[in-house]
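Taking it in order: structure first as structure tokens, then the write-up.
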Amino acid sequence: MLELVGLTRRFGHVTAVDSVSLAIPQGQMVGIIGRSGAGKSTLLRLINRLIEPTAGRVVFEGRDVTALRGRALRNWRTDCAMIFQQFNLVQRLDVLTNVLIGRLNHRGTLSSLFKLFSAEERALAIRTLDRFDLAEAALQRADTLSGGQQQRVAIARALMQEPRVILADEPIASLDPRNGKVVMDALRRINREDGLTVLCNLHTLDTARQYCDRIVGMSRGRVVFDGVPAQLTAEMVREIYGMTEDELEAAETVTSTALDTVARAAAAA
Amino acid sequence: MRRPVPIDPAEVALWRARLPEAFGVGPARRAARVGGWLALAALVVSWHVWFDITPKRILEGLGGLGTIVVLMIPPSPGEHWDQIAKDLVETAAMAFLGTLVAASFAVPFGFLGAKTIARNPLFHFSLRRLFDGFRGVDQLIWALVFVRAVGLGPLAGVLAIAVADVMVLAKLYAEAIENIEHRQVEGVESTGAPHPLVLRFGVLPQVLPVMVAQALYFFESNTRSATILGIVGAGGIGLAIAERIRIRAWDEVAFIILCILVLVAAIDAVSARIRARLIGRMHPALA
């Protein structure tokens, strides 16, 4: 159980996240939707403690993680792995080393400095890459891969942390629809197969409806909707986005990131 | 939070069979690597023997150094402090003028030397070798040459600094230009702008802060190296230091050294602030 209690973050006099309270049971896949600037990214960063809250608490399995320092904080970060919009791989390192980076908090610093990873760790890294059909790319440099492949490497790196929670910040916003689908499928797979809680910021309603057990809508830092996809009425969509779903869909068609069009095209083919 | 790796040995063997290169280098490569390190160690040791570097000699040298340091205390400006002040200003001015001339010429040379700009491989190769040739000759050699050519004094020093640095800066500028982000250039190119203007608006704004920052580093470094150009008669504070060392006026040497330290620190502080502003957020009007 991941609990957010009155979580608040102010930047100057702008309140990016405004007393957000949520209780997320282990193994749930949650989509967070809202306009850009609604506080979605800030919320995920608050959970991972990349940003410190102004007020409120983050509680994981009964333990308050808001006040953790040093090693305890790093352990918490290992427990809640982040996936970024721009993948954030180290471009000049090979894919294998990028995935092994996920183990750094599990092993000795000195041997890591000299890249002395054990055969077990290497095998685990390749097995994890193989889950996403990337074992053969293990020795390539990260920057030789396509965006969709890089994001799957990032997911493999996250899994190497052996996390309990995955925080994905707009994981498909930089990808074309087809790669976006592959990455969302990968996230759902680790949610179902590994029992990981997945919190995922999404900017398209369709993707959230299609993949998530639960949708949280944010507007101006506040949670304005929290429920299953079926409960997301036209009225709610207007409150979250400030426009009707038709207008929103028209905008989405223009940006052509809606996933179901790809799914439909794939089904038709 | 060390955790055992959740995988069993049989599976490790399986993956090792499928992707052996991922499990580290083979014995041949490992032997070559160890051999390389051993060769390096042998070289370092053999040079110590050749130069007769022994702990005894180093300790004795430290003793001699100690005597000199004692003679330096307290530092004293001597009788000619006004001359020292003039020489210090002259040193900084030489460094500034020399660096300015070097940087001005290095900009066009840098563009010509970048293989992303001048695409002819033969031209690129020849120009880069020219850069290398000039860089192979040290500032002090140039100073000796220019003292013979234009006579004693700061002009020889300015020319020595300029000629020695122009090709070093050109090489650094060429590399900065080669490492720019191509997308921005493409954006300007796509508008149909003529080539020189693509360089002006797509390339220059990206490299200018780097160029100025490097020129400022060179100014600071040249102020330090200009202090010795005087020893060969190319102007600056060097002559004053050499004379005082000859007559063992160590207290006055110490005073001059302290003055140089203050001067260099002041230049460094000012240029660090300029660099930070340039790299941080250069005003669009300056780009």
Side-chain angles (χ1 to χ4, degrees), chain A residues 63 65 68 70-81 91-100 102-112 114-131 134-140 143 156 159-164 194, chain B residues 1-41 44 114-116 171-172 174-187 190 202-203 206-207 210 279-281:
Chain A
R63 193 168 65 121
V65 297
L68 297 181
R71 178 184 293 262
L73 171 61
R74 287 192 290 107
N75 289 348
W76 164 239
R77 287 194 172 141
T78 306
D79 274 336
C80 59
Q91 301 285 319
R92 284 170 184 275
L93 291 177
D94 59 26
V95 167
L96 184 71
T97 312
N98 266 293
V99 175
L100 286 167
R103 291 302 295 179
L104 290 182
N105 195 30
H106 288 306
R107 59 200 317 286
T109 305
L110 198 63
S111 67
S112 299
F114 294 100
K115 295 214 275 188
L116 300 174
F117 294 101
S118 71
E120 287 79 19
E121 287 165 314
R122 289 165 192 272
L124 182 67
I126 301 168
R127 182 176 80 183
T128 312
L129 280 169
D130 191 53
R131 281 180 74 182
L134 281 166
E136 311 306 324
L139 298 171
Q140 287 182 35
D143 54 8
L159 286 184
M160 289 292 278
Q161 294 173 215
E162 295 182 66
R164 307 291 311 283
D194 305 26
Chain B
M1 192 166 68
R2 292 200 192 183
R3 280 195 206 145
V5 185
I7 195 163
D8 59 75
E11 216 191 324
V12 175
L14 203 75
W15 288 112
R16 193 195 282 273
R18 193 170 140 191
L19 217 64
E21 316 91 85
F23 289 82
V25 294
R29 289 272 297 280
R30 195 186 304 267
R33 209 175 275 177
V34 172
W37 283 109
L38 285 178
L40 181 68
V44 169
K115 61 171 171 277
T116 44
K171 187 181 156 78
L172 290 171
E175 272 163 18
I177 292 166
E178 282 171 7
N179 288 330
I180 57 168
E181 202 181 290
H182 189 65
R183 277 179 292 183
Q184 303 178 31
V185 184
E186 212 173 36
S190 69
V203 178
Q206 293 194 55
V207 292
V210 183
I279 291 181
R281 42 174 195 284

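Bear in mind the structure is a predicted one, so any value in this text is a computation, not a measurement. Below, chain A is the first sequence line, B the second, and so on; all start at residue 1.
Only the backbone of P4(B) comes within less than 4.5 Å of a heavy atom in chain A; its side chain stays farther off. Contact of A72(A) with chain B is not made at all, since no heavy-atom distance falls under 4.5 Å. L139(A) touches chain B through its side chain: at least one heavy atom from C-beta onward sits under 4.5 Å away, while N, CA, C and O do not.
Side-chain contact between I7(B) and E121(A) is absent, with no heavy atoms from C-beta onward closer than 4.5 Å. With a 4.5 Å cut-off on side-chain heavy atoms, E120(A) and E11(B) do not count as touching.
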**Request:** Decide yes or no on side-chain contact (heavy atoms from CB on, under 4.5 Å) for I126(A) and R18(B), but give the supporting numbers first.
**Result:** CA-CA 10 Å; I126(A) 301 168; R18(B) 193 170 140 191; over 6 Å; no
**Request:** Would you check, one step at a time, whether the test side-chain contact (heavy atoms from CB on, under 4.5 Å) holds for R127(A) with L14(B)?
**Result:** CA-CA 10 Å; R127(A) 182 176 80 183; L14(B) 203 75; over 6 Å; no
**Message:** Does F117(A) form a side-chain contact (heavy atoms from CB on, under 4.5 Å) with V5(B)? I'd like the steps, not just the answer.
**Reply:** CA-CA 11 Å; F117(A) 294 101; V5(B) 185; over 6 Å; no
**Request:** Show the numbers, then the answer: is there a side-chain contact (heavy atoms from CB on, under 4.5 Å) between R122(A) and W15(B)?
**Result:** CA-CA 9 Å; R122(A) 289 165 192 272; W15(B) 288 112; over 6 Å; no
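Across every non-hydrogen atom of L19(B) and A135(A), the tightest pair is CD2-O, 3.5 Å.
Under a 4.0 Å N-O distance rule, the pair D79(A)/R3(B) qualifies as a salt bridge.
Of the listed residues (A125(A), S118(A), G108(A)), the one with the most heavy-atom contacts under 4.5 Å to chain B is G108(A).
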